[in-house]
Amino acid sequence: MELRQLECFVAVAEELHFGRAAARLCMTQPPLSRQIQLLEQALGVTLLERSSRVVTLTSAGRSFLRDARHLLAYSARAASSARRASGGEAGHITLGFTAVAAYRLMPAWVMKAREILPDVDIELRERVSTDLGRLLVAGELDAMLARHLPRQDGLAHRLIEREPMVLAVPRKSPLLARDAVPLRALHGQPFVAYAPGEGKYFYERIAAALGAAGVEPDYVQHAGQTHTLLGLVRAGLGVGLVPDSARELRMEGVSFLPVAQDKLYADMYLAWRERHDNPALDAFIARVVEAPAARR
């Protein structure tokens, strides 16, 4: 049983006329009749009763017509799905991300992808940057969104954004009287810092900026995650430098002030393996990640 035979049968069953069915299929009547005969032989049943003037469906033909239509529709959907998958408009990608990326950037991407690539399933995995790099190299992730890149050949990457760092201060802090805070104002101030292990990227970036400015805060606590650091600031233990996207956490009792230091920012990268065979990933990068800002 072939799809062409099903197409011929459905056309005749709906037209109940071989001439009209042949014209509909852009073929002549003899090959059309032959296709119907081959289909009946394959099934071992009579589907159509023919006379010189009338074509009618047998009971088997009426039953088979319903299933033939379903088979043709399913075949069309399967072909369409294959074409969409080949073009990246359908499929699956696994995207790894760090916790801070979930505050603003990653949700914006997911919403955009659901709008323009609705048939691409995105599996999200939150990990620390070092684990993301290992999983990407091992092929367990299609792409990773993180602050720094693994040192590994065969990876492609894009610098997605340079996010300014801002100063998180507790309620009633005297620093709230300033429009922007110079780093020198933090000298001797109680300061909540990122941990040098779990928060290594931010720890090193902030420590380098403070050192270059000759500033020595009073380090009172260290935190591995941004939300923990903000909780300590809210408790009044000190102030802390965090990425601007931390505003999205909307933690009560914590305010954010610009820092008068243009070069104090945090990079965010998207990385993926150069040699991959996932068209959905290419479509995601081209249409979501690299889409012009006006389209977002």
Side-chain angles (χ1 to χ4, degrees), residues 74-165 199-202 205 225-227 242-249 265-296:
Y74 186 83
S75 173
R77 288 196 300 270
S80 176
S81 295
R83 287 191 293 268
R84 290 171 62 80
S86 178
E89 294 184 356
H92 178 97
I93 62 174
T94 304
L95 175 65
F97 65 97
T98 57
V100 71
Y103 299 161
R104 182 181 294 164
L105 183 59
M106 185 273 291
W109 279 3
V110 171
M111 288 189 290
K112 184 64 176 179
R114 292 181 67 181
E115 176 186 342
I116 64 176
L117 295 172
D119 294 326
V120 173
D121 177 45
I122 302 176
E123 178 183 349
L124 299 169
R125 295 188 187 179
E126 180 189 346
R127 298 286 190 279
V128 297
S129 293
T130 52
D131 286 347
L132 290 176
R134 176 179 54 79
L135 293 172
L136 179 65
V137 171
E140 296 185 38
L141 297 175
D142 290 303
M144 58 173 272
L145 188 60
R147 293 293 181 188
H148 58 81
L149 300 169
R151 296 180 179 178
Q152 178 74 31
D153 292 337
L155 295 182
H157 69 273
R158 295 283 187 279
L159 174 60
I160 302 302
E161 68 176 0
R162 288 196 150 164
E163 183 179 1
M165 302 292 290
K200 181 180 178 181
Y201 176 85
F202 288 116
R205 178 78 51 142
Q225 298 290 339
T226 299
H227 59 271
V242 295
D244 185 71
S245 57
R247 298 175 186 269
E248 303 295 335
L249 294 177
Y265 53 79
D267 291 335
M268 182 67 77
Y269 293 93
L270 180 73
W272 64 96
R273 295 183 306 282
E274 289 181 330
R275 300 183 64 180
H276 70 86
D277 59 353
N278 189 345
L281 176 60
D282 292 329
F284 179 82
I285 293 171
R287 300 180 62 184
V288 177
V289 176
E290 297 180 343
R295 291 175 54 192
R296 284 191 178 141

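The figures that follow rest on heavy atoms only: side chains count, while hydrogens, waters and symmetry mates do not.
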Checklist entry - With Arg275, which residues qualify under side chain to side chain donor-acceptor pair (under 3.5 Å), at least two apart? => result none
Item to check | Tyr269 side, atom OH; Leu149 side, atom CG - distance, nearest 0.5 Å | outcome: 6.0 Å
Item to check | Full working for side chain to side chain contact (heavy atoms under 4.5 Å, CB included) between Asp142 and Phe284 | outcome: CA-CA 11 Å; Asp142 290 303; Phe284 179 82; over 6 Å; no
Item to check | Counterpart residues, salt bridge (charged side-chain N to carboxylate O under 4.0 Å, His left out), relative to Glu123 (two or more places apart) | outcome: Arg125
Checklist entry - Which atom names give the shortest non-hydrogen contact between Gly139 and Arg273, and what distance separates them? => result CA-NH1, 3.4 Å
Item to check | CZ on Arg205 to OH on Tyr265, rounded to 0.5 Å | outcome: 6.0 Å
Checklist entry - For Phe97, what residues pass the ring-ring contact (aromatic ring centres under 6.0 Å, His included) criterion, not counting sequence neighbours? => result none
Item to check | Residue pairs, two or more places apart or on separate chains, that pass side-chain hydrogen bond (donor to acceptor under 3.5 Å, both in side chains) and touch residues 145-158 | outcome: Arg147-Glu163, Arg158-Glu290
Next on the checklist: I'd like to know whether Leu95 forms a side chain to side chain contact (heavy atoms under 4.5 Å, CB included) with Leu270, so could you lay out the CA-CA distance, the side-chain angles of the two residues, the decisive distance to 0.1 Å, and finally the verdict.
Outcome noted: CA-CA 10 Å; Leu95 175 65; Leu270 180 73; 4.0 Å; yes
Item to check | Option from Asp282, Leu117, Val120 for which side-chain contact (heavy atoms from CB on, under 4.5 Å) with Arg287 holds | outcome: Leu117
Next on the checklist: Quick check for you: to the nearest 0.5 Å, what is the distance between Leu135 atom CG and Thr94 atom OG1?
Outcome noted: 10.5 Å
Checklist entry - In Å, rounded to the nearest 0.5 Å, how long is the span from CG of Leu155 to CH2 of Trp272? => result 10.0 Å
Next on the checklist: For Ala246 versus Thr226, what's the shortest heavy-atom pair and its separation?
Outcome noted: CB-CG2, 3.8 Å
Checklist outcome for this item: Rounded to the nearest 0.5 angstrom, the CZ-CD1 distance for Arg114 and Ile122 is 9.0 Å
Item to check | Ala102 versus Pro107, closest heavy-atom pair with distance | outcome: O-CG, 3.1 Å
Checklist outcome for this item: Between Ser129 and Thr98 the two heavy atoms that sit nearest each other are OG-CG2, 3.3 Å
Checklist entry - Between Val100 and Ser245, does a side chain to side chain contact (heavy atoms under 4.5 Å, CB included) hold up when you go through it step by step? => result CA-CA 8 Å; Val100 71; Ser245 57; 3.9 Å; yes
Checklist entry - Which residues pass the salt bridge (charged side-chain N to carboxylate O under 4.0 Å, His left out) test with Asp244, sequence neighbours left out? => result Arg104, Arg247
Item to check | Side-chain H-bond candidate by donor/acceptor type, Asn278 with His92, under 3.5 Å | outcome: no
Checklist entry - Taking atom CD of Glu140 and atom CG of Asp131, what is their separation to the nearest 0.5 Å? => result 10.5 Å
Next on the checklist: Restricting to side chain to side chain donor-acceptor pair (under 3.5 Å), what partner residues turn up for Gln225, sequence neighbours left out?
Outcome noted: Glu198
Next on the checklist: Can a donor-acceptor pair be found, under 3.5 Å and without considering hydrogens, that links the side chain of Tyr201 to the backbone of Ala146?
Outcome noted: no
